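Below is one structure, written out as structure tokens; comments come after it.
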Amino acid sequence: MQRPIDFETIMRTRRGFLTSSASGLGMIGLGSLLAQDGVIARSTAEATAHPSVTHPLAPRSGHFPPRAKSCIFIFMLGAPSQVDLFDPKPKLNELDGQPLPESMTKNVRFAFIQKETATLMGTPRRFAKHGDCGMDFSELLPHLAGCADEVLMARSLHTDEFNHDTGELMMQCGVARFGLPTMGAWTTYGLGSVSQNLPGYVVLSGGGAIPRADLTQSGFLPSIHAGTHFLSTGDPVLNLSSPPGLTRQLQRKGLDALRTANQWQYRRQHDPEIASRIANYELAFRMQMAAPELMDLSQETTSTIEAYGMNRPEHPDTTVSGKHGNTMRSFARNCLLARRLVERGVRFVNILYGSWDHHEDLEKNLPYMSRVVDQPIAALIQDLKQRGLLDETMVVWGSEFGRTPLGENRPNFSKVTGRDHHPLAFTMLFAGGGMQGGKTYGTTDEIGWNIVDGPVHVNDLHATMLHCFGLDHMRLTHRFQGRDFRLTDVGGIVVDDWLS
Amino acid sequence: MLQPVISSFVIILGLVLVPRAAESSSSHWAYQTLDAGSVPDVREQAWCRNLVDRFVLARLEQAGIEPSPTAERYKLIRRLYYDLIGLPPAIEEVDQFAGDTAPGAYQRLVDRLLASPHFGERWGRHWLDKARYADTNGYSNDEVRPEMWRYRDWVIQELNRDLPFDQFSIEQIAGDLLPDANDRQRLATAFHRQTPTNTESGVNQEGLRMVKVMDRVETLGTVWLGLTLSCARCHAHKYDQISQQEYYQLLAFFNNCDEADITLRPDEGSQEEVAMQLVAQRTADPRTTYRLHRGDFLQPTEVAEPGVLAVLPSLDRRNPEQPADRLDLSRWLVGPAQRLTARVAANQIWLHLFGRGLVHSASDFGVRGDLPTHPRLLDWLAKELIEGSWSRKSLIRTIVNSATYRQDSSYRPELAARDGQNKLLHRQRRIRVEAEIVRDLHLAVGGLLSLKPGGPSVFSPLPENVLAELNSKRFEWKVAEGEDRYRRGIYIFYKRRVPYPSLVAFDCPGAMTANVRREISNTPLQALALLNDQVFVAASRGLAIRLLTEGPADDAGRLTRALRLCVARPPRVEEVDLFGQLLQSARDYFREAPADAESLCVNSPPGSIPADEAAAWIVTVQMIMNLDEFITRE
């Protein structure tokens, strides 16, 4: 049992001095530069003479044999309440309405809570043990509870950030700073992508707005590694459809002429970029076929469609949070699309859904949003398992932080009905991809305030995820502005206990 | 108990790791005074057009490599147009230049382009990357900054006027502190207001203020000093001998530089008054700056007085009675003692003309940055910049007039092993042009580009499904009507949360931090954009109609014209044949599919042009406009 860890300690111990990563010097990057591209080899015979002619998304091996080949990271933006979903605290219910000792809030920053008058808030949710392993789930997640034996539940995550924008950046990029690549970008940078007809890193959002660019960016990595946002209506990939009236046969003829002319230019100039451009037009042409095929769910059986809950009735109340049109359907569809994407060899899928930022009306909003996500995620895990894909696909439920066991007493609130941001302890779930199912990891104190056992920083989380992909987080580096950057900044310890 | 122990450990370790003594820091090349040495001798003096070439040729001769021949004139004119104004030359201009055998034809072309009002648009965009310019706040709320375009116009206008770089720098960093500062000089300080801002509720305001002040310090480091300062926020910079204390000494210059909305007249000739987001010096109750333990604003330690990096020459104050201020800092940056700035600025200009800086890591001149490939040339250029009264046009003129710049850009496979990266400059480089220029070129050739200068940022067309997910109660992308649909790329509204997609596809930076060197990627999404994005398709339609309504009336003549509009040079016979065959196939197809022809034309083609004929031309010119050569500066 480790000693309780508080906010101050987290802040203090996180950043060591820069350790020399000179041994790492972007070896992966170099590997990608030297990789051969089959696409080009087929298109232009001359290009093969140039070892520097590459496709940066060509699949390649990591530092050691991987457990996971693909990741589906379901990012619950806004931060769901762990004490109402995953981490039962009978003592919290007992102390409902009581203030927290000052020693516990002393160095803690809140977004809104007034420390002087804040009191603990119990949960009305009933918890039960599930699966052979006896994992706790609240009544709000009955389907996920049914996957308990596949799931690793980690209750001891902590982060440095307590505001959404910066917390989300931290979860995606490892540091709350602009201009850095997201973990999806790092993954395709390290490993390329098996699919040569679809982007390597795809972002699906829950029918709402386009995600902010900095949550899907490639930062200082080449833009090919940025997440491609699949729009929920129209062309999933921007500019996929040819202009009306231009048939595929005619476009092929046009592209043949273009290829020929570009090849002539290549013969004159010998610039590998020309060969690369030729290959990219061919890839674009194939994407125009592959993406509609991907989005076409008519090939799925009725039982699959039903299992994911595509046709569940939508909530009549439009004021409920996390609802953008028919969200029951759009979230289910995104989960099903995620399976289809990894089936086709896409490396990293990011499903964004929110907002779980329940400062108030937890009672109304949490059950709705839980219902939106519960069945589709459970179906995704089961579906992957049935198809033999779960072993190599890591499914993750994550958020930028958790929510306070204290009720939120913002000055202008008439009642305490929600919870504030809580970076000190929150819960994440994992299934497949080398993570150990049926295991609950880490412990928080009796009220869920601090971690008392097995703290896992966001950098540790990323180190462990990369490890499952056969990537050493210390060696997956990129030199930028004189420094070798990595996803895990200056931290990161692989959590061996998570691995199966 | 633990914390004081760790703190003192940090300090001790800091002392050990970072000897503050001059000897270790002064040996790094970039911190030295400029090399006043002589220009090297070369054997092939006849090749040299100016002194730039002597430095380059000396290295090539040393390596036993011949420079590449001068590029043919068609390439040269296109290169100059792309580099200096970012627009394609008209066929008549190409022919006039190709036929002008009088001495000085090239120089006259250069002078004409440097005097063009489009020069400021081309080079202004380079600067806006460094300034992290955008029309919105960033983060998830991303509110509009309705007047910020005036700063963008300031940059364009001052580049056109060739405001000396020292003055250009001083006004942006400290225009408000200049004696008798005028409104234009105050406007320049909007540079500091480009910092993204988070209006999410619950954000600690002092914490956010500190994040923004840090951004200003680090931007100054990247843009003017070529140094990465951000590491020193939290700990001593391990490699560049920058202590954490020094970081906060620099920060002290900005700690009383407050955000303010100031009413001024942005245009000299106009009486119009506007409230601009600028900065103002806090005079009442000035803040004391402290070194922040681990960069945390809640953990101040010792006081940090305004001061510059110890590895660089010291700063002179205007008033020795007062602490140094932002104006002192800006004058020091471009002053006679400190020459790193001139090196960094000269390297940035070189980078835009050769696709690679003499220091490849253009944002890092520190110990871990790349060494200059031609250190003496870099110093010579820095001196030229200073002695030429910091005129950027003058330095650009010198560089583009050199034989080095005029070389052909073809790869030389026989040199792959010896100089594969062309560090020795044995040839020019082929560079896929920047996002905005890709779009400008297409629209210009399609006859759609509006050359209207300046004014509020424009909402160019976006796909319906993007609009559907972008528009909300708080923000509407109201697609422009008329010529504002097709203005130059620099004028497109920059929304940080969702930057314009076809610009992003071609590596337009995110505007969250200073960018001194864009990525040049090559992706299938670029191919999809050029083939299918409505703006690029409109440009193809535009060119097809141009060909069918003006100029030669025969297929070969029209195809030749299309190719020349895109790549300037007269096409080869096989190229005309190739696209002629495509044209014929398309004609055959559309004759049988009139509905498709109508769809592709969108609106009926003008006059008596049959839709099937117009459609066949659209398909054909679209492929010509997709040639790699068209969007590549060769």
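Only this structure's heavy atoms are used, side chains among them; waters, hydrogens and symmetry mates stay out. These numbers were taken from a predicted model, which means no experiment stands behind them. Lettering follows sequence order; numbering is per chain, from 1.
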- Steps toward side chain to side chain contact (heavy atoms under 4.5 Å, CB included) verdict (B/M512, A/R177): CA-CA 9 Å; B/M512 302 308 278; A/R177 202 171 278 186; over 6 Å; no
- Derivation and outcome, side chain to side chain contact (heavy atoms under 4.5 Å, CB included), residues B/E519 and A/S218: CA-CA 11 Å; B/E519 282 289 330; A/S218 60; over 6 Å; no
- Message: Evaluate A/D271 against B/R429 for salt bridge (charged side-chain N to carboxylate O under 4.0 Å, His left out), listing each step before the verdict.
- Response: CA-CA 9 Å; A/D271 181 354; B/R429 283 192 188 80; over 6 Å; no
- Query: Between B/R368 and A/D484, does a salt bridge (charged side-chain N to carboxylate O under 4.0 Å, His left out) hold up when you go through it step by step?
  - Reply: CA-CA 10 Å; B/R368 296 203 87 193; A/D484 293 322; 3.7 Å; yes
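Looking at A/F285, there are no atoms closer than 4.5 Å to chain B (heavy atoms on both sides), in backbone or side chain. Using a 4.5 Å cut-off between heavy atoms, A/S241 touches chain B through its backbone atoms (N, CA, C, O) alone. No part of B/V516 comes within reach of chain A, as not one of its non-hydrogen atoms sits under 4.5 angstrom from that chain. Proximity to chain B is absent for every atom of A/L169, based on heavy atoms less than 4.5 angstrom apart. For A/Y281, the parts lying near chain B are the backbone and the side chain together; criterion is any non-hydrogen pair under 4.5 Å. Interface remark: A/L215 contributes no atoms to any contact with chain B (heavy atom separation under 4.5 Å). Only the side chain of B/D364 comes within less than 4.5 Å of a heavy atom of chain A; its backbone N, CA, C and O stay farther away. With a 4.5 angstrom heavy-atom cutoff, A/Q249 does not touch chain B via any of its atoms.
Atoms CD and CD, on A/Q269 and B/E634 in that order, are 4.5 Å from each other to the nearest 0.5 Å. Here the CG-OG1 distance, from A/L283 to B/T523, works out to 9.0 Å after rounding to the nearest 0.5 Å. Atoms CD and NE2, on B/E469 and A/H324 in that order, are 10.5 Å from each other to the nearest 0.5 Å.
Looking at B/E575 and A/Q265, their side chains never bring a donor and an acceptor atom within 3.5 Å of each other.
In this structure, B/E464 places its CD atom where only 12 or fewer heavy-atom neighbours from other residues, nucleotides or ligands lie under 6.0 Å away.
Ion pair A/R267/B/E574 not flagged as a salt bridge, since none of the NZ, NE, NH1 or NH2 atoms sits closer than 4.0 Å to an Asp/Glu carboxylate oxygen.
Checked against a 6.0 Å centroid threshold, the rings of A/Y266 and B/Y411 do not count as neighbours.
Taking both residues in full, the closest heavy atoms of B/V537 and A/P243 are given as CG2-CG, 3.9 Å, listed atom of the first, atom of the second, then distance. The minimum heavy-atom distance linking B/P524 with A/A284 is given by the pair O-CB, 3.7 Å. Here the shortest heavy-atom pairing between B/N522 and A/N280 reads O-ND2, 2.9 Å. B/L600 and A/L246 make their closest contact through CD1-CB, 4.3 Å (heavy atoms, listed as atom of the first residue, atom of the second, distance). Here the shortest heavy-atom pairing between B/G202 and A/F162 reads O-CE1, 4.4 Å.
Judged by distance alone, the side chain of B/N626 and the main-chain N or O of A/L258 form no donor-acceptor pair under 3.5 Å. The closest donor-acceptor contact from the side chain of B/E200 to the backbone of A/D165 lies under 3.5 Å. Between the side chain of B/D628 and the backbone N or O of A/I274, no donor-acceptor pair lies under 3.5 Å.
Contact count against chain A (heavy-atom pairs under 4.5 Å) is highest for B/L528 among B/D370, B/L528, B/L525.
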